[in-house]
Amino acid sequence: MQLHNTLSGRKEDFAPLNPERVTMYVCGPTVYSFAHIGNARPAVVFDVLARVLRRRYPRVDYTRNITDIDDKINAAAAKEGVAIKVITERYTDIYHEDLDALGVARPTYEPKVTEHLAHIISMVERLIANGSAYAAEGHVLFNVTSYAGYGELSKRDRREMIAGARVEVAPYKKDPGDFVLWKPSTPDQPGWESPWGRGRPGWHIECSAMAEALLGDTIDIHGGGHDLVFPHHENERAQSTAAHDGKTFARYWLHNGFLTMDSEKMSKSVGNVLLIREILKAAPGEAVRLALLTGHYRQPLDWNDEALADARRKLDRLYGALRDAGDVAASDAKAPDAFIAALEDDINTPAALAELFELARALNKASDAAEKATLVAQIKDAGALLGLLQQNPGEWFSQSSGTASEGPSETEIEAALAARIAAKTAKDYKEADRIRDDLKARGVLVEDSKDGQRWRRL
RNA sequence: GGCUCGAUGGCAGAGUGGUGAUGCAGGGGACUGCAAAUCCCCGUACGUCGGUUCAAUUCCGGCUCGAGCCUCCA
């Protein structure tokens, strides 16, 4: 298996430190608002990676955190006049619902910052003790000059970074690049007791502490969105390496490319965010998931209505092949080698999907029952690795296009179909076609097959 | 301004130093009462200018355009 490592800038052979326990950490959401479709990309991509790894390794410990201490959360809570827990629990639930709809399996561990304060504090103490960090005016800062490898991950020169920095440098910093590990809270802000007074952790230390607590000093894979490379992952790397006597923190750094809207980054300031739940009103979650896997994970992906419609049509084809195979009992065949090879080549989902379509064509052409059984099993097993094609074809074709869409009920459809078959038997094709056109106008496509009429929602 | 990554047919999107993945759309045919679905056939795509090479879309360099980071951000 090969994975592209941001640190080296190239694809590398993947070999876990301990094949009996593969460890993976992915930065999860800050729960202060609804998740948008851009947030869904890493969740889906790394979900696929976890599935692929689990096929090969007996145990994959996948940790994806929930950031439930953050100034944006504080702002949201203050605005509503509620405790931060009200905000964080609400949006954690919503995040779970949204990802469930996209078929994203829960990670092995889903730690919250509020559950790891003791660990964070102990890590900060260790960093101060070994000279990597210092306390100043109620803050604790990590001294970037103490870590020679600073800038290696994001390929930045520290001096250039300082020169180009647009932020004002706080007077208590020893070096302009130093970043906060702990900061003081005012009495009206959420805070926790610490050796440096009542305060709260900085953004970067939480991931280092939780990764250490759940996965150990050295982890195999660290993932996240490309925007996290700097400063978040650069800082995590510095902290963890410094806290562990120079031991490697993450062996493979994986970063997914951005999702754009009309070729522009999705962001609240631009006003072009598209929430996952808004999309789900008009499209099945499975189609959203496939749309996210259409391009390679490291490439930028432009989101638009056509991409989503395209994904639906692809699923129509795939489910259509499974449906037309009828009731053949699937054999125990597994996904073919070419499909696995594509996914094990740095998660090349477009190439894997191409293999899946080849299987579908073969299934459509197959006439032998044993051959069909093998192909059905292969398609389902391959689909499972992508988190797709696990429903019955009948469910796929009869489901409405989203949580908000409407259309004639199944009872109505069945009644219309009965009338149409009667018209057809009487060779009244004009009436039969009228019924078909009428249903089509209402979003239901009727098809005649060798097994009689069948329908699907458009 | 500095850094990183891209530019493939009507659209989306892999890949490769020398036989044009895959899906959608489009054209032709088979099948069908007609459709739909399915199957078969059909496209001289690799931003631009140079270089290396017997041969470049694929390697190297310039240019143009695009995305991202340098500030919270998936």
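We name chains A, B, ... by the order of the sequence lines, and we start the count at 1 in each one.
- Distance A/Leu359 CG to B/rG23 P: 12 Å, rounded to the nearest Å.
- Distance, A/Tyr297 OH to B/rC5 C1': 13 Å, rounded to whole Å.
- Here the side chain of A/Asp310 is nearest to one of B/rG23, B/rC40, B/rA14, namely B/rG23.
- Taking every side-chain heavy atom of A/Met266 into account, B/rA74 is the closest of B/rC39, B/rA74, B/rC70.
- Rounded to whole Å, atom P of B/rG6 lies 10 Å from atom NE2 of A/His226.
- Two residues, A/Leu445 and A/His36, neighbour RNA chain B, and the one matched to the more 5' nucleotide by heavy-atom proximity is A/Leu445.
- Out of B/rA36, B/rG2, B/rG33, the shortest distance to the side chain of A/Arg456 is found at B/rA36.
- The side chain of A/Lys365 contributes an N or O atom lying less than 4.0 Å from OP1 or OP2 of B/rC40.
- Annotation: A/Lys440, atom NZ; neighbour count of heavy atoms from other residues, nucleotides and ligands within 6.0 Å does not exceed 12.
- If you check B/rG1 for Watson-Crick or wobble pairing at under 3.5 angstrom, you find it paired to B/rC70.
- Within the structure, a side-chain polar atom (N or O) of A/Arg361 is placed less than 4.0 Å from OP1 or OP2 of B/rC40.
- The nucleotide B/rG26 finds its pairing partner in B/rC42, both defining distances of the Watson-Crick or G-U wobble pair being shorter than 3.5 Å.
- Of the candidate nucleotides B/rA74, B/rA21, B/rU38, B/rU38 has the atom nearest to the side chain of A/Arg317.
- The partner of B/rC54 is B/rG18, judged by Watson-Crick or G-U wobble contacts that both fall below 3.5 Å.
- Counting non-hydrogen atoms under 4.0 angstrom, A/Arg41 reaches nothing in the nucleic acid.
- Straight-line distance between the P atoms of B/rG61 and B/rC5: roughly 11 Å, to the nearest whole Å.
- Along RNA chain B, the nucleotide nearest to A/Ala360 and the one nearest to A/Arg436 differ in position, and the one closer to the 5' end is contacted by A/Arg436.
- Dense packing is recorded around CG of A/Asp368, with more than 12 heavy atoms of other residues, nucleotides or ligands lying under 6.0 Å away.
- Aromatic pair A/Phe258/A/His226: ring centres not closer than 6.0 Å.
- Taking the six-membered ring for Trp and thresholds of 30 and 60 degrees, A/Phe142 and A/Phe179 have nearly parallel ring planes, at less than 30 degrees apart.
- Searching all strands for a Watson-Crick or G-U wobble partner of B/rA7 with both distances below 3.5 Å returns B/rU64.
- Nucleotide B/rG33 is matched to nothing when pairs are restricted to Watson-Crick or G-U wobble geometry with both distances under 3.5 angstrom.
- Residue A/Phe258 contributes atom CZ, which lies 8 Å from atom P of B/rG68 at whole-angstrom precision.
- When the P atom is used for both B/rC72 and B/rC63, the distance is 32 Å, rounded to whole Å.
- Aromatic rings of A/Phe34 and A/Tyr91 (six-membered ring for Trp) have centroids within the 6.0 Å cut-off, being under it.
- For the pair A/Phe339 CZ and B/rU22 P, the interatomic distance rounds to 16 Å; values are reported in whole Å.
- In this structure, A/Arg10 reaches neither bases nor backbone, as no heavy-atom distance under 4.0 Å exists between it and the strands shown.
- The residue A/Gly295 sits close only to the backbone: its heavy atoms come under 4.0 Å of sugar-phosphate atoms, none of a base.
- For B/rG9 and B/rU44, the C1' atoms lie 10 Å apart once the distance is rounded to whole Å.
- Side-chain atoms of A/Phe357 lie closest to B/rU22 of the nucleotides B/rG6, B/rU22, B/rA74.
- With both ends at atom P, the span from B/rG28 to B/rA37 equals 16 Å, rounded to whole Å.
- Rounding to whole angstrom units, NE2 of residue A/His204 and P of B/rU71 are separated by 11 Å.
- Here B/rC5 presents its P atom at 15 Å from NZ of A/Lys11, a figure rounded to the nearest Å.
- Across A/Cys207 and A/Asn65, no two heavy atoms sit closer than the pair SG-OD1, 4.1 Å.
- The OG1 atom of A/Thr92 lies 4.5 Å from the CD1 atom of A/Ile66; values are rounded to the nearest 0.5 Å.
- Less than 6.0 angstrom separates the ring centroid of A/Phe249 from the ring centroid of A/His222.
- When the C1' atom is compared between B/rC11 and B/rC54, the two are found 37 Å apart, to the nearest whole Å.
- Here, B/rC39 and B/rC31 have their C1' atoms 9 Å apart, quoted to the whole Å.
- If you check B/rG13, B/rC34, B/rA74 against the side chain of A/Asp448, the one that comes closest is B/rC34.
- For the P atom pair drawn from B/rU53 and B/rU48, the interatomic distance equals 23 Å after rounding to whole Å.
- Residue A/Lys155 places its side chain closer to B/rC3 than to any other of B/rA74, B/rC69, B/rC3.
- Here the side chain of A/Glu306 is nearest to one of B/rC11, B/rG13, B/rC24, namely B/rC11.
- Residue contacts for A/Asn348: at a heavy-atom cut-off of 4.0 Å it reaches the sugar-phosphate backbone alone, with no base atom in range.
- Residue A/Thr294 has its side chain nearest to B/rA12 when only B/rA74, B/rC70, B/rA12 are considered.
- For A/Lys450 and B/rA30, the NZ to P distance is 22 Å, given to the nearest whole Å.
- Of the candidates B/rA36, B/rU38, B/rC70, B/rU38 carries the atom nearest the A/Asn364 side chain, counting heavy atoms from C-beta on.
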